Amino acid sequence: MGFCFFNNVAIAARFAQAELGLGRVAILDWDVHHGNGTQAMFWDDPTVLFVSLHQWPFYPGSGGPAEQNETTLNIPMSAGSGDGEYLHAFEHTVAPAIARFDPELLLVSAGFDAHVDDPLSEMNVTADGFRELARQAKGVAPRVAAVLEGGYNLETLPDLVAAALDGFVA
Ligand SMILES: [Zn+2]
């Protein structure tokens, strides 16, 4: 819908399957917007689990509570959600779903537009929250890789990426 020409995480998932011989790949999308393109690409594909945490209702409008299937898990988050809500959702919904799917690789669509100072969203996630999300994501699959997605405050973005990298290697 205009934010990207290529879906990097979808290409990575297909590359992992076609070129690296991996079977089951999970995608965790914590960008504040619903990952509608990624969802559309893998909706009918039982080998790719797609999990999206996003502000809802919000642009682009998709990803509501009724939009789910065996390997598509949408977790709509209320405006104003912060570290506590995100980490609660991760622990109680995201981590069990990924554990059940048992992927060989987890790809993270790591957007930072749920940050409290991002101009596009109404969320309150902090650098510590992204660090902890990354730390926990690393623990749910044998291999984890991340791609940078949204993030529209160029003053805070470097520190948020650094915090997430810190969590991924912790
Ligand atoms: Zn976004």
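Order of appearance sets the numbers: ligands from 1, and atoms from 1 within every ligand. Each residue takes its place number in the sequence, starting with 1. Since this is a predicted model, take the numbers as computed values, not measurements.
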**Study point:** Under the side-chain hydrogen bond (donor to acceptor under 3.5 Å, both in side chains) test, residues paired with Asp31 that sit two or more places apart
**Key:**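 Asp31 satisfies side-chain hydrogen bond (donor to acceptor under 3.5 Å, both in side chains) with His33 once adjacent residues are dropped.
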Review point. Checking only N/O/S atoms, does Asp113 have one that is under 2.8 Å from the Zn ion (ligand 1)?
Key: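 Coordinating: yes.
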Point to revise | N/O/S atom of His33 inside 2.8 Å of the Zn ion (ligand 1), strictly under | key: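 Checking the Zn ion (ligand 1) against His33, an N, O or S atom does fall under 2.8 Å.
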Review point. Out of the N/O/S atoms in Asp31, what is the name of the one closest to the Zn ion (ligand 1)?
Key: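 Relative to the Zn ion (ligand 1), the closest nitrogen, oxygen or sulfur of Asp31 carries the name OD1.
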Review point. Rounded to the nearest 0.5 Å, what separation is found between the CD atom of Glu85 and the CG atom of Leu53?
Key: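 Output value for this atom pair is 12.0 Å.
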Practice item. Calculate, to the nearest 0.5 Å, the distance between atoms CZ and CG belonging to Phe58 and Leu120 respectively. Key: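 Atom-to-atom, Phe58:CZ and Leu120:CG are 6.0 Å apart.
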Point to revise | Connected-component partners of Phe6 among ILVMFWY, side-chain separation under 4.5 Å | key: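 Its cluster partners, ordered by chain and number, are Phe5, Ile11.
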